[in-house]
Engineer: 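The structure's right below; bear with me while I get my questions together.
Per chain, numbering begins at 1; letters A, B, ... match sequence-line order.
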Amino acid sequence: MRNARRGFTLFEVAVALAVLTVAVTSSLALFTHSLRAHRLARFQLYASAKAVELVECYMAGTNTVLCVDIEAPRPWDVPMNYRATAPDLEARVATRRFGAAALPTDIARRLDSDGDEMQRILDAGGQLLYALPQAPTAWDESALPRNPPSDAQSLVFAVAGYAQANALFSFPAKAWPYYTPFPGPPMVVHHARDFTTATGADPDAADYVRFGMPGMTDYRLYLWEETSDPDIRTVLQWPMPEDPQLDRNFGWMPYAYPRQPYALPAVAGSACDQPTADGALRYVQAALWYAQAKGLPPSFWTGTATLTDFIGGDAWKQVQAMRFLSHAATCLTRWHDQAALTAGVTIPAVDLGGGAGMCPALLLTEAHVLAYEASALALMHRYRTTLTYDWSAPRAYENALFTDWPLLEPDLFSPPLTGTISGAPAIAAAQWRPIAPRPVTGLGRSMSHPGAVIDPADWGDPRHVTLTAPFTADERCRQLVFWAVDWRAFEDAETAPSAPIDASRYPKSAPGFDASGSPWPFTALMETWDLPWVDVFMTAFRNPELPCVFTRDVTAMATGDAVAADRASVNLFATPDRGVAALPVFTGAYGADRDFDGVLDRGPVPRSARLRATTVARFNFYDLRVPFSLR
Amino acid sequence: MDHQTSEPRRPMPEARWRRAVAGRAAFTLIELILATAAGAVVIVAAAAALRVAAQTATTGERLATQNALIAAGLRGAFDELDFWTAYDDPLDPARQGLRYATNAVVAPGGMRRLGLPFAPFSATWPRVASADPEAVEGWDDDAPWDAADPRAWWRGTMAERLDSDLRHGRYALFGSCTSPMTLAGYGVCAPAHTWLPRQMRGLKDALGFYGLCEYLPPNAIYSVITGEAADGATTPGGIAYEWVRPGGWLANGSGNCSNARGLESLSFGSSFPMHPPQANPAWSGLDLLQTHRRHVLTASWFTDTATLAAFVDTTTARQEIMPLQPASWPKVEVAVTRSMMLRRFLALCRVRWSDPTTGDRAELAFCGFGSTLRGARRQRGLDAP
């Protein structure tokens, strides 16, 4: 009886308390788990929104990179076709204009994840990305109103799976297609001062057309098209060198810009560059001469019916001849009214001199003018749709609904081209050879480097073309993986240097020659002589963190100090990151204001610690095979 | 036993009593202290657990509520991307402010029938059928714009500028909004191709600039030749100033270029806005007609923070998720900003929330994609002739 009535022993009480503690702790753990689930759900929302944005940026981002050299005799001498313009999702969106940047490697290496996936991606050469603080609008970040902090910056994402072999962004030796108006005169290259001649000689040599645009006499124009068709010179200017007496010159230049270098008498109050009816007539004569020189029959220019198909022979010759003929004939409508043109304007046969010989005669009427224009567009359209890989004639702007971007890709199964970097002959370079589904004909020379021969032997083996081969999604599937981790809690979240930047993101100049004909040294190419960096077009280049990167060392500054003035200014022509001296800015060596809040932030987590990331979401995708925009 | 029962009770001897009492002794002081301590631990642990549990539950509930509202905000943003209801609510006539159309002069030129981006084509640009494909007027939603169709080829000169001396000739001979057309110093011509320039002019008048750029093919060249006084001043070759004049309403002043140009150049550093009417309640229909026909300089080298902020403000459709809700719930706002700059049709979505309990503010900003303006109009049947 006494045992039955006695109280709990201390041991029993302790056991009971332990049981109670376990029960309470377990309950609390459930609460904690619930909180984690809520946090995960939050980040899944962020991830879905960011995934939509990445797709939008990937598909809608402009493909044009207008203010970067895009042609060079050797493919490794321009940044195009390197990683910066590859149609891979992470390469396309990891730019400052498309909303993502690589997490600093110092920080990325301190993150753990399930299966160590983050570190495996880094080991394989990939990058962990984070969302830039502002959505990618292309508006200037510093001019936008201050927004609340972006919670999505706690997301880290990466592409799992290897990059695929896809189309070349463009052919580096010749950025085809070239465009020109139809009707139109021969294409000349403006800003031609630094382009190479065939021998790398003085650009003032005779194979440059020495004409100045009105008021811009120091800008020479180079007749690029004659590198593949010498007869085109006659349509632009004949004879060459020009005759000082204007009326002995034929072609577009002496008609449209009859000021230099012809020895015209000075006219008071006049720029003396006024075209004349006689000049237009001599332009028509040059165009007729060209059509005849191409072996076309008289019916080609005497008929007044629209040509909708080729009349036999080389298609490109007919396209070019009608392009010039229609342009020259249309110029006559400035000088002759409808009555005169209905009656017909006599185009006499004349000897163009200089060994060119006679041009055909023609009674040119308004019906001819109309038929030439319609034929020029119709023949061009047929040409570009049926002979896509014939590059003999530039394409027309006027076919607004159609473009014939060639399918080119790197040949990964043939030995690459090798050589040395221009201006740095001690540095070896290599690049995959290009291949096309069909042989390219009429390859010609490039506009930028007409002196350089595009060697057909540089092309790879067409049997290795894959762009036109069918594939299943699983063959090319990659995965976009999102994690949540508060990397901004690290003490060096803003002082850690940017992740290593692919060298192709530096928009260096293509090779050029100085006035003595010597090639520019490599440092000159890096200083990008004569190549302005126009921010708005350079979407694929420079440091993705550029709007945030610091222009000086801020490590001595106190936490919370204002740093807005220490960020790189990104403006139309602002180039705080250009040149060898600015490499620390280009590479982000000083860190970046990564949340763009204008103050220097240091988190509480020491750099010796590691953080564990939680996997949030995975999205399957495969990269574009060819560059294009979705609208 | 009897003896015991019959014997009167005697007091327990003291020693025995003490032993008995000792067997039933109360807690010792140590026991009491331990018991009190243990009890306190239990009470404190329980209280702490309850407090933590309550806090956790509260936090969880708050997070769940926030998540639900943010998710609702995201759904709202995605719905807006797909359906454009903040710009035009098909179920609420009071929220269809962008269907306005009128005969007006809000651009260089004379009186024309102008519409806002959701005005039905039947009101702004009615279809006029013709046996001659070039003479068809109005928007044909089924027209394929075949690349091989000569109607769809642009005919003009990209070299002609405002100060042209016509050295390139007269391209009105080939294509124009007007046929027949009188060309000063030449005569009366009959351009064979009128369909494309009329389509371009019609889209501009019927929809404004954003709609014009979206409906036209990506590689379109922006200029039309016209001989009609209502189209305003023209170059000597007949190109309407409105299309090419640098610093005008359509063309920006970049490079002082006054040639016909493509969309990239046309929107270099400038944007064409879409203004939701409720974001600009003080604006009249005429104001909206005007603002949808003006580019805004939005690049930093052209403008300033205030201008850009005003642009963002007037192009943003805001929507509060659950306007009627408990005061303790987070306030969530969805904002969608639409414009076109540098050839990119931008739809910037911002889901912004503020917690009245904690004071926290944050936002999720992203650029999304969904229905085009044309798609949204087709949803509403506005493109029918």
Engineer: Under a 4.5 Å heavy-atom cut-off, does chain A meet the side chain of B:Ala35, its backbone, both or neither?
Structural biologist: neither

Engineer: Would a 4.5 Å heavy-atom cut-off, applied to side chains only, mark B:Phe174 and A:Val369 as touching?
Structural biologist: yes

Engineer: Does any backbone or side-chain atom of B:Ser339 lie under 4.5 Å from a heavy atom of chain A? Answer side chain, backbone, both or neither.
Structural biologist: side chain

Engineer: Looking at B:Gly156, B:Gly368, B:Gly187, which one has more heavy-atom pairs under 4.5 Å with chain A than the rest?
Structural biologist: B:Gly368

Engineer: Could you tell me whether the side chain of A:Gln274 reaches within less than 4.5 Å of the side chain of B:Asp165, counting heavy atoms only?
Structural biologist: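 Touching, per the 4.5 Å side-chain cut-off.
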
Engineer: Between B:Phe311, B:Trp153, B:Phe366, which has the largest tally of heavy atom pairs under 4.5 Å with chain A?
Structural biologist: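 The candidate making the most pairs under 4.5 Å is B:Trp153.
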
Engineer: With no hydrogens and no angle check, is any side-chain donor or acceptor of A:Gln338 less than 3.5 Å from a backbone partner on B:Tyr186?
Structural biologist: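 Flag not set: sc A:Gln338 to bb B:Tyr186 has no pair under 3.5 Å.
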
Engineer: Mind ranking A:Gly99, A:Pro183, A:Ala339 by heavy-atom pairs under 4.5 Å with chain B and telling me who comes out on top?
Structural biologist: A:Pro183

Engineer: Answer with side chain, backbone, both or neither: which region of A:Leu341 has an atom nearer than 4.5 Å to a non-hydrogen atom of chain B?
Structural biologist: side chain

Engineer: May I ask you to decide if A:Asn399's main-chain N or O and B:Asn219's side chain share a donor-acceptor pair within less than 3.5 Å?
Structural biologist: no

Engineer: Name the region of B:Leu63, side chain, backbone, both or neither, that has any atom closer than 4.5 Å to a heavy atom of chain A.
Structural biologist: both

Engineer: Is B:Leu173 close to chain A through its backbone or its side chain, or both, or neither, when contacts mean heavy atoms under 4.5 Å?
Structural biologist: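 Both parts, heavy atoms under 4.5 Å.
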
Engineer: Any side-chain heavy atom of A:Glu398 within less than 4.5 Å of one from B:Arg155?
Structural biologist: no

Engineer: Given that the side chain runs from C-beta out, which part of B:Thr307 has a heavy atom under 4.5 Å from chain A: side chain, backbone, both or neither?
Structural biologist: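 No part of B:Thr307 comes within 4.5 Å of chain A.
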
Engineer: Can you see which heavy atom on B:Gly60 is nearest to which on A:His38, and at what distance?
Structural biologist: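 Looking at all heavy atoms of both residues, the shortest contact is O-NE2, 3.3 Å.
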
Engineer: Has the side chain of A:Thr333 got a donor or acceptor atom that lies under 3.5 Å from a matching backbone atom of B:Arg170?
Structural biologist: yes

Engineer: Is there side-chain contact between A:Ser34 and B:Glu61, with heavy atoms separated by less than 4.5 Å?
Structural biologist: no

Engineer: Measure distances from A:Pro185 to the heavy atoms of chain B and classify the residue's part below 4.5 Å as side chain, backbone, both or neither.
Structural biologist: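 The answer is neither part of A:Pro185.
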
Engineer: How long is the span from the CH2 atom in A:Trp335 to the CG atom in B:Leu166, to the nearest 0.5 Å?
Structural biologist: 9.0 Å

Engineer: Grab the two heavy atoms, one from A:Glu53 and one from B:Ala365, that are nearest each other, plus how far apart they are.
Structural biologist: OE2-O, 3.9 Å

Engineer: Select one option (side chain, backbone, both, neither) describing which atoms of A:Ala378 are under 4.5 Å from chain B's heavy atoms.
Structural biologist: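 The answer is both parts of A:Ala378.
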
Engineer: Step through the shown structure and confirm whether more than 12 heavy atoms of other residues, nucleotides or ligands are within 6.0 Å of CZ on B:Arg261.
Structural biologist: yes

Engineer: Measure A:Leu20 against the heavy atoms of chain B and call it side chain, backbone, both or neither at under 4.5 Å.
Structural biologist: side chain

Engineer: With a 4.5 angstrom heavy-atom cut-off, could you sort out which part of B:Asp313 is near chain A: side chain, backbone, both or neither?
Structural biologist: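 Looking at B:Asp313, nothing touches chain A.
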
Engineer: Which bit of A:Trp252 is near chain B, if near means a heavy-atom gap under 4.5 Å: side chain, backbone, both or neither?
Structural biologist: side chain

Engineer: Using a 4.5 angstrom heavy-atom cutoff, name the option from B:Val188, B:Thr337, B:Thr157, B:Leu50 with the most pairs to chain A.
Structural biologist: B:Val188

Engineer: Shortest non-hydrogen contact from A:Asp337 to B:Gly185?
Structural biologist: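 Looking at all heavy atoms of both residues, the shortest contact is CB-O, 3.6 Å.
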
Engineer: Could you tell me if the side chain of A:His327 sits less than 4.5 Å from the side chain of B:His168, heavy atoms only?
Structural biologist: yes

Engineer: I'd like to know if the side chain of A:Arg334 and the backbone of B:Arg167 have a donor-acceptor N/O pair within less than 3.5 Å.
Structural biologist: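 Not a single qualifying donor-acceptor pair exists.
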
Engineer: Provide the closest heavy-atom pair for A:Leu45 versus B:Asn67 in the form atom of the first, atom of the second, distance.
Structural biologist: CD1-O, 3.7 Å

